[in-house]
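These notes are about the structure you will find just below.
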2 protein chains.
Amino acid sequence: MPKDGAASPSHWKAFASRRRDPATKREAVLQTAAHLFLEKSYGRTSLNDVAERLNITKPALYHYFRNKEEILLECYRLGTGLIEEILNEIALHCGTGLEKVAAFIYSYANVMTVNFGRCVMRLDEGDLSSEAFAEVRTYKRKIDRRLRSFIQEGIEDGSITPCDPKIAAFSIAGAVNWICIWYEPEGELPAEEIASQFARTLTQGLARTTTNGGEREVSRQEPLP
Amino acid sequence: MPKDGAASPSHWKAFASRRRDPATKREAVLQTAAHLFLEKSYGRTSLNDVAERLNITKPALYHYFRNKEEILLECYRLGTGLIEEILNEIALHCGTGLEKVAAFIYSYANVMTVNFGRCVMRLDEGDLSSEAFAEVRTYKRKIDRRLRSFIQEGIEDGSITPCDPKIAAFSIAGAVNWICIWYEPEGELPAEEIASQFARTLTQGLARTTTNGGEREVSRQEPLP
DNA sequence: GTTTTTTCTTACCCACGGGTAAGATATCAG
DNA sequence: CTGATATCTTACCCGTGGGTAAGAAAAAAC
């Protein structure tokens with residue numbers, strides 16, 4: 001799984017020297033920006049805040065980004081890139097629909113513990129311009145479609161109990177997305193443990209019992225009306 | 001279930017007359033504020049925006065609230081009040097732990113489709129002062145504890161498969177909380193349908209199969225490592 | 001060393017929005 | 001009707017933060 005450079009990386013080192021190295025400096029800006037966006041939100045993070053952590057001044061940032069929003073958009077792009085990767089990997093490697101869903105939950109949950117991954121679901125899309133907003137929504141829609149197709153596949157191959165894939169996808173995605181809200185990189189729970197527990201808990205909700213000739217049987221109880 | 005006054009209620013009528021009726025005017029402010037906070041976020045909603053929708057001017061708002069944050073805090077209070085109500089009701093009425101969890105999901109999901117309810121989980125706690133933040137966190141912790149206790153109860157009475165209640169609660173709460181992100185009051189999906197589908201999907205993940213003498217049996221598959 | 005280019009700083013502009021002062025206007029009590 | 005009170009408006013203050021102008025200082029090119 002992708003990891004950040006360090007626990008609380010001091011990327012100001014990238015700007016210690018004035019040597020021309022735009023690539024690593026640009027990345028340093030993105031890393032600290034993402035960190036601050038997650039810590040204080042985009043709106044409450046000023047460019048002065050970002051610059052301060054890098055031991056430079058605000059206008060210096062404009063050598064690497066056209067404006068504040070471009071920094072935000074780039075965070076989204078890096079995050080969705082991570083997700084896209086795991087999505088493609090799963091579509092190829094795994095077997096049944098249920099296995100794909102489980103693999104999705106596991107990998108996706110892990111991404112939700114990485115800064116750029118967290119940005120994708122935690123940051124407020126409303127801070128984006130309408131064009132950038134549209135772009136991000138395209139990425140997200142793709143993820144949603146992919147998850148729904150995995151579920152649909154599982155229903156068809158019999159590994160998943162028949163259900164409305166749309167609602168089921170919302171349910172799963174919600175559970176996993178919410179990780180980016182409460183997860184703390186310095187906290188007790190290791191990412192891998194969260195990921196595997198979530199994969200188990202959520203898929204068992206979808207898994208069809210194979211006893212009694214394929215007929216699902218759970219302790220009966222309908223919620224209220 | 002609690003419902004808002006109308007679909008897109010024009011609460012400016014409350015300020016049409018200058019008759020002294022502070023209570024309903026205060027509520028009108030809260031309703032439109034909550035509406036705007038959910039639409040544009042707290043940070044991007046100016047007091048002028050709120051006032052404009054009520055056909056008054058910004059300073060008039062200060063007759064009903066000390067400052068902007070108090071409006072936000074009041075939204076939180078009303079929302080958590082709704083949740084607290086259903087929580088108490090469930091603790092009394094329902095039977096097994098699993099039934100309580102199911103009832104919780106159903107009722108809680110419904111609250112997440114009501115404006116003040118959505119505010120609780122959708123709005124950014126970081127916009128609150130440290131005291132207000134502490135207050136809100138107390139409410140939220142209470143909800144979390146309650147859910148965990150339902151799960152624990154279910155494990156003890158045998159209605160729920162043994163698991164880590166903490167992780168399970170995060171999973172369930174996440175799925176349901178996320179509703180407040182994607183739910184649109186004017187959308188296709190009716191709230192009750194979402195609620196009941198969620199209750200079913202998520203509890204079946206917890207429900208212990210009663211076949212084979214209490215031994216759980218689902219289609220085997222462990223997610224990655 | 002000199003020139004050119006990149007990098008970064010100091011100083012500034014300005015729009016926006018929370019909040020206040022002071023006064024006008026309506027409502028109500030008597 | 002009159003004075004007191006609640007309600008609301010116009011006009012303003014000012015801190016904050018995104019963004020820019022202009023130039024200094026360091027790196028690289030030669």
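Throughout, a chain's letter reflects where its sequence line sits, starting with A, and its residues are numbered from 1.
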Could you check whether any side-chain heavy atom of [X] comes within less than 4.5 Å of a side-chain heavy atom of [Y], counting everything from C-beta outward?
| X | Y | answer |
| --- | --- | --- |
| B/R122 | B/F37 | no |
| A/S41 | A/D124 | no |
| A/I90 | A/F104 | yes |

- Query: Hey, does B/Y62 reach any base, or is it just sugar-phosphate, or nothing, if we go heavy atoms under 4.0 Å?
  - Reply: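 Base contact.
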
- Using a 4.0 Å heavy-atom cut-off across all strands, classify A/F65 as base, sugar-phosphate, or nothing.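 Answer is nothing: A/F65 stays at 4.0 Å or more from every strand.
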
Distance in angstrom units between [X] [atom1] and [N] [atom2], rounded:
| X | N | atom1 | atom2 | value |
| --- | --- | --- | --- | --- |
| B/N48 | C/dG18 | CG | P | 7 Å |
| B/L72 | C/dG19 | CG | P | 12 Å |
| B/D21 | C/dC28 | CG | P | 10 Å |
| B/D49 | C/dC16 | CG | P | 12 Å |
| B/E69 | C/dG17 | CD | C1' | 16 Å |
| A/L54 | C/dC8 | CG | P | 10 Å |

List, one per line, each side-chain donor-acceptor pair under 3.5 Å for residues 72-83 of chain A, sequence neighbours excluded.
residue	atom	partner	partner atom	Å
A/E74	OE1	A/R77	NH1	3.3
A/Y76	OH	A/L123	O	3.1
A/R77	NE	A/E135	OE2	2.6
A/R77	NH2	A/E135	OE1	3.0
A/R77	NH2	A/E135	OE2	3.3
A/T80	OG1	A/Y76	O	2.9
A/T80	OG1	A/R77	O	3.0

- Message: Taking any atom closer than 4.0 angstrom to a non-hydrogen atom of chain A, what span of DNA chain D does the protein reach, first nucleotide to last?
- Response: D/dG17 to D/dA28

- Query: Considering residues at least two apart in sequence or located in another chain, which fulfil the side-chain hydrogen bond (donor to acceptor under 3.5 Å, both in side chains) criterion with B/R145?
  - Reply: none

- Task: Measure distances between side-chain N and O atoms of B/K58 and base N and O atoms of C/dG18, and say whether any donor-acceptor pair falls under 3.5 Å.
- Result: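 Result: at least one qualifying N/O pair found.
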
- Item | First encountered from the 5' end of DNA chain D, between A/H63 and A/L47 | A/L47

- Message: Please tell me whether B/R146 and B/N88 have a donor and an acceptor in their side chains that are separated by less than 3.5 angstrom.
- Response: yes

